[in-house]
Amino acid sequence: MAYNLKETLNKKERLSPGHRMCAGCGATIAIRNVLRGLHEEDEAVITCATSCLEVSSFMYPYTAWKDSFIHDAFENAGATCSGVEAAYRALSKKGKVKKNHKFIAFGGDGGTYDIGFQSLSGAMERNHDMVYVCYDNEAYMNTGIQRSSATPMYADTTTTPVGTDSDGKGQNRKDLAQVIAAHNIPYVAQTTLVKNFKDIHVKSEKAIYTPGAAFLNVLAPCPRGWRYDMSDILNICQLAVDTCFWPLFEVIDGEWIVNYVPKKKLPIEDFLRPQGRFKHLFTPGKEHLIADIQAEVDRRWDDLLKRAK
């Protein structure tokens, strides 16, 4: 698929301004750029799990979405999207639907990694012609910054508060992209908001136009939960990939492809230091906690490189 940055950026906006998402929110930047993967002549049906994105972009009777939009419960965005896609196929065969539609489900990490995982897994296993997009901000941000299974180890959240008896969340984050790749679907990719957005644009178009099920995992920082300066969002994302905390890769029909290998792999503290949720790790005597995170990042990066050989 040929890529033209100017043409892609000049496509019509499918998520309009005026919604109620926070300034500096990574989710809306991610969603706007995912939707640029759609061809302008095509229409989309969007299903969205309960989340910051849903409650802030669709407050009846007002909507920020240009395409058809369905608000789902936390647990069933994958099921709803797969059901609509199946109905579309049936109606198309009967000649009752003429226009070309694409089907995209959006969910945060709480509605994807955790509460909605069962319906996501079912939709992927059935290989519906749809894309599930997780905007991963690494906690339940909409309900008060509670930990999810996407929350990194030692992060400070309202349910894993840092104190005299706690260093934050005690477990490593789930590797959801690897879990979904194990469903043997046609396309899985991990991306974030780096450089000129080419990576997310190209992967979004591939996901939308690859026949069958596709999954995109997009790191989408949250200024409230991560506690960084709003203007630093793109720098935070670049540090995530340069430290290999968030590698950029694709799995196409079972073949693992690493899209970016840093010329100089940065230490994980470069990614952690700008974020207030990791402030406690930089106090004297906590060096071993940063070493724990570094060891896990290195292990996962080495495993990814082996898979891609």
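Residue numbers count from 1 along this sequence.
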Check the side chains of [Y] and [X] for a donor-acceptor pair under 3.5 angstrom, ignoring hydrogens and angles.
X      : Y      : answer
Thr28  : His19  : no
Gln171 : Arg147 : yes
Arg173 : Tyr113 : yes
Ser57  : Glu54  : no
Asp72  : Thr80  : yes
Ser119 : Asn76  : no
His128 : Glu85  : yes
Asp253 : Tyr187 : no
Tyr135 : Ser51  : yes
Tyr154 : Asp292 : yes

One pair to check against side chain to side chain contact (heavy atoms under 4.5 Å, CB included): Asp242 and Lys265. What are the steps and the verdict?
CA-CA 6 Å; Asp242 283 337; Lys265 182 170 175 283; over 6 Å; no

Is the NZ or CZ atom of Lys174 positioned over Phe117's six-membered ring, under 6.0 angstrom from the centre and within 45° of the axis?
yes

Apply side chain to side chain contact (heavy atoms under 4.5 Å, CB included) to residues Leu239 and Asn235 and explain how you reach the verdict.
CA-CA 6 Å; Leu239 288 170; Asn235 184 52; 3.8 Å; yes

May I ask you to decide whether [X] forms a salt bridge with [Y], counting only side-chain N to carboxylate O separations under 4.0 Å?
X      : Y      : value
Asp167 : Lys286 : yes
Glu13  : Arg36  : yes
Asp129 : Arg89  : no
Asp303 : Arg307 : yes
Lys11  : Glu7   : no

Rounded to the nearest 0.5 Å, what separation is found between the CZ atom of Arg224 and the SG atom of Cys25?
11.5 Å

To the closest 0.5 Å, what do you measure between OG1 (Thr158) and CD (Gln146)?
4.0 Å

Closer than 3.5 angstrom, by distance alone: can the side chain of [X] be matched with the main-chain N or O of [Y] as a donor-acceptor pair?
X      : Y      : answer
Thr283 : His280 : yes
Asn259 : Phe249 : yes
Asn127 : Ala213 : yes

So among Lys99, Lys102, Arg14, Lys66, which one has a salt bridge (Lys or Arg N to Asp or Glu O under 4.0 Å) with Glu43?
Lys99

So Tyr140 and Asp114, side-chain hydrogen bond (donor to acceptor under 3.5 Å, both in side chains) or not? Walk me through it.
CA-CA 10 Å; Tyr140 289 84; Asp114 298 339; 2.8 Å; yes

Side chain to side chain contact (heavy atoms under 4.5 Å, CB included) between Ile46 and Phe103, worked out:
CA-CA 6 Å; Ile46 308 295; Phe103 302 88; over 6 Å; no

Counting only heavy atoms not in Glu40, do more than 12 sit closer than 6.0 Å to its CD atom?
yes

For Lys279, look at atom NZ and say whether over 12 heavy atoms of other residues, nucleotides or ligands are found less than 6.0 Å away.
no

Are Leu15 and Leu38 grouped together when hydrophobic residues (ILVMFWY) are joined by side-chain heavy atoms under 4.5 angstrom apart?
yes

Do Phe245 and Ile233 share a hydrophobic cluster, counting only Ile, Leu, Val, Met, Phe, Trp and Tyr and linking them when any side-chain heavy atoms are less than 4.5 Å apart?
yes

Can you check whether Asn100 reaches Tyr88 side chain to side chain, under 4.5 Å on heavy atoms?
yes

Does the plane of the ring in Tyr209 sit parallel, tilted or perpendicular to the ring in His39? Use 30° and 60° as the thresholds.
parallel

Which label fits Phe106 and Trp65: parallel for a plane angle under 30°, tilted from 30 to 60°, or perpendicular past 60°?
tilted

Please test Val218 against Trp246 for side chain to side chain contact (heavy atoms under 4.5 Å, CB included), starting from the C-alpha separation and ending with a verdict.
CA-CA 9 Å; Val218 186; Trp246 191 263; 6.0 Å; no

Option passing side chain to side chain donor-acceptor pair (under 3.5 Å) with Asp156 (candidates Gln275, Arg227, Lys169)
Arg227

Tyr3 and side chain to side chain donor-acceptor pair (under 3.5 Å): which single residue from Glu205, His201, Lys198 fits?
His201

Under the side-chain hydrogen bond (donor to acceptor under 3.5 Å, both in side chains) rule, what do Asp270 and Thr243 come out as? Steps first, then yes or no, please.
CA-CA 8 Å; Asp270 287 6; Thr243 58; over 6 Å; no

